[in-house]
Amino acid sequence: TVGAVAIDKNGKLAAATSTGGYFGKMVGRSSDTSLIGCGTYADDNIGAVSTTGHGESIAKYCLAHAIIKAMEYGHKSASDATNETLNQMTLKLKHTAGAITLSKTGEVGIGFTSEGMSWAYRKKSELHYGIEKGQHEIKQV
Amino acid sequence: MEPIILVHGGAGNIVSSRIPLKFDGTQRSVEAGYKILQNGGSALDAVEAAVRVMEDDEGFNAGYGSVLNLDGEVEMDASVMVGADLSAGAVTVVKDIAHPISLARLVMERTPHVLLAGDGANRFAKEQGIVRLAEGSLVSPYARLTLEEFKKQQSTGTEIKNPGEVG
């Protein structure tokens with residue numbers, strides 16, 4: 001699965017997610033990626049999210065929307081909302097996932113309960129990226 | 001507002017041989033999206049451009065290089081959402097389309113619906129002038145190998161290990 005979230009100079013947010021699904025899946029299986037609120041969500045008043053991971057769990061947990069609501073009602077930062085919601089989903093459903101989040105103020109949230117997740121973001125002249133837990137590389141571009 | 005673009009290239013147990021592909025692809029994806037933002041473009045255009053880069057890249061499970069279903073076919077899903085008015089579009093179980101994310105955007109912009117599936121999504125793509133690729137064009141050698149290993153493990157009754165991403 002791949003995904004992107006962005007905020008433009010006018011403070012407008014968008015989110016996008018695309019996937020081939022799960023290897024060896026049944027013919028005709030739909031994933032969370034196609035479900036708004038599960039794989040993708042964006043609201044200019046709060047933030048934008050794209051998710052990846054165990055699709056059936058993400059769908060049952062409405063993961064993208066749950067992260068946004070943790071920010072809206074729980075007043076969590078993008079990072080806390082992302083990581084706490086992912087941990088809650090994995091605790092409840094015993095499967096892993098990851099998510100990227102941008103808040104309306106441009107806060108970045110990156111989290112995953114899986115072994116790894118590739119991610120990258122650009123802000124001004126800095127490119128940030130990583131895959132493993134705790135990895136956060138920065139290079140000037 | 002300072003523009004920002006953030007991308008992911010999938011979660012799971014990423015095998016070490018695939019890590020350089022992931023680093024390279026996510027960075028190219030970010031640069032494609034950021035260029036649009038830097039030139040005053042919209043967040044929507046930026047996320048679409050960023051995802052298209054990864055859909056073209058065999059190193060990611062989307063577009064070319066997608067994992068295969070049990071029949072050995074690529075069936076893809078995509079969705080997009082705009083924060084200003086909560087407009088959204090999505091497609092599911094689409095075949096032989098290079099950029100499902102752009103088809104999802106067309107569903108959002110040119111239909112009264114949020115989600116189109118299977119044959120209906122492919123028919124809509126044709127109506128919109130999106131070229132349908134030759135059958136099997138999106139199947140990569142790595143995806144074929146992964147499915148073969150999965151089927152082998154299934155037939156021998158060995159514990160099935162996920163060789164890559166979880167989704």
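Note on naming: letters A, B, ... go to the chains in the order of the sequence lines (proteins, then strands), and numbering restarts at 1 for each one.
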With a 4.5 angstrom heavy-atom cut-off, which part of Ile110(A) approaches chain B: side chain, backbone, both or neither? side chain
Side chain, backbone, both or neither: which part of Ala84(B) has an atom under 4.5 Å from a heavy atom of chain A? both
Heavy-atom pair count under 4.5 Å with chain A, highest-scoring of Ala49(B), Gly40(B), Ala78(B): Ala78(B)
Examine whether an atom of Leu147(B) lies under 4.5 Å from a heavy atom of chain A, and if so say whether it belongs to the side chain, the backbone or both; otherwise answer neither. side chain
Any cation-pi pair here, Arg18(B) with Tyr142(B), using under 6.0 Å and within 45°? yes
Working to the nearest 0.5 Å, report the span between CG of Leu102(A) and CD of Glu107(A). 9.5 Å
What is the distance from atom CG of Asp80(A) to atom OG1 of Thr85(A), rounded to the nearest 0.5 Å? 9.5 Å
Strictly less than 4.5 Å between heavy atoms, which residues of residues 31-43 of chain A line up against chain B? Please order them by number. Ser31(A), Thr33(A), Ser34(A), Leu35(A), Ile36(A), Thr40(A), Tyr41(A), Ala42(A), Asp43(A)
Sort Val74(B) into side chain, backbone, both or neither according to what part of it lies under 4.5 angstrom from a heavy atom of chain A. neither
Heavy-atom distance under 4.5 Å to chain A: side chain of Leu70(B), backbone, both or neither? both
Candidate pair Lys133(A) and Phe112(A), rule side-chain contact (heavy atoms from CB on, under 4.5 Å), full reasoning: CA-CA 8 Å; Lys133(A) 283 200 163 78; Phe112(A) 48 98; 3.5 Å; yes
Could you grab the distance from atom NZ of Lys124(A) to atom OH of Tyr34(B), nearest 0.5 Å is fine? 8.5 Å
Nearest-0.5 Å distance that lies between atom CE in Met54(B) and atom OG in Ser118(A): 7.5 Å
Measure distances from Leu138(B) to the heavy atoms of chain A and classify the residue's part below 4.5 Å as side chain, backbone, both or neither. neither
Any chance you could measure Trp119(A), atom CH2, to Leu6(B), atom CG, to the nearest 0.5 Å? 8.0 Å
Quick one: which of Glu55(B), Met76(B), Glu75(B) has the most heavy-atom pairs under 4.5 Å with chain A, could you say? Glu75(B)
Which bit of Leu127(A) is near chain B, if near means a heavy-atom gap under 4.5 Å: side chain, backbone, both or neither? side chain
Do His54(A) and Ser57(A) get their side chains close enough for a donor-acceptor pair, meaning under 3.5 Å? yes
Of all of Pro100(B), Ala62(B), Gly41(B), which one pairs up most often with chain A through heavy atoms under 4.5 Å apart? Ala62(B)
Distance-only donor-acceptor check, side chains Thr19(A) and Asp77(B), under 3.5 Å: no
Assess whether side-chain hydrogen bond (donor to acceptor under 3.5 Å, both in side chains) is satisfied between Thr90(A) and Thr113(A), documenting all intermediate values. CA-CA 7 Å; Thr90(A) 294; Thr113(A) 55; 2.8 Å; yes
Whether over 12 other heavy atoms sit under 6.0 Å from Arg123(B) CZ: no
Assign the ring pair Phe23(A) / Phe150(B) to parallel, tilted or perpendicular, where the plane angle (0 to 90°) is split at 30° and 60°. perpendicular
Contact leader toward chain B among Glu115(A), Met117(A), Arg122(A), where contacts are heavy-atom pairs under 4.5 Å: Arg122(A)
Region of Lys104(A) that comes under 4.5 Å of a non-hydrogen atom in chain B: backbone
If you count heavy-atom pairs under 4.5 Å with chain A, which of Met81(B), Met1(B), His8(B) comes out on top? His8(B)
So which of Val94(B), Val114(B), Asp45(B), Asp71(B) has the biggest tally of heavy-atom pairs under 4.5 Å with chain A? Asp71(B)
Smallest heavy-atom separation, Ala4(A) atom then Val7(B) atom, equals CB-CG1, 3.9 Å
Top residue by heavy-atom pair count (under 4.5 Å) with chain B, among Gly11(A), Gly98(A), Gly28(A), Ala99(A)? Gly28(A)
How many angstroms lie between CG in Leu68(B) and NZ in Lys151(B), if you round to the nearest 0.5 Å? 8.5 Å
Heavy-atom pairs under 4.5 Å with chain A, option from Gly63(B), Gly118(B), Gly33(B), Ser42(B) with the top count: Ser42(B)
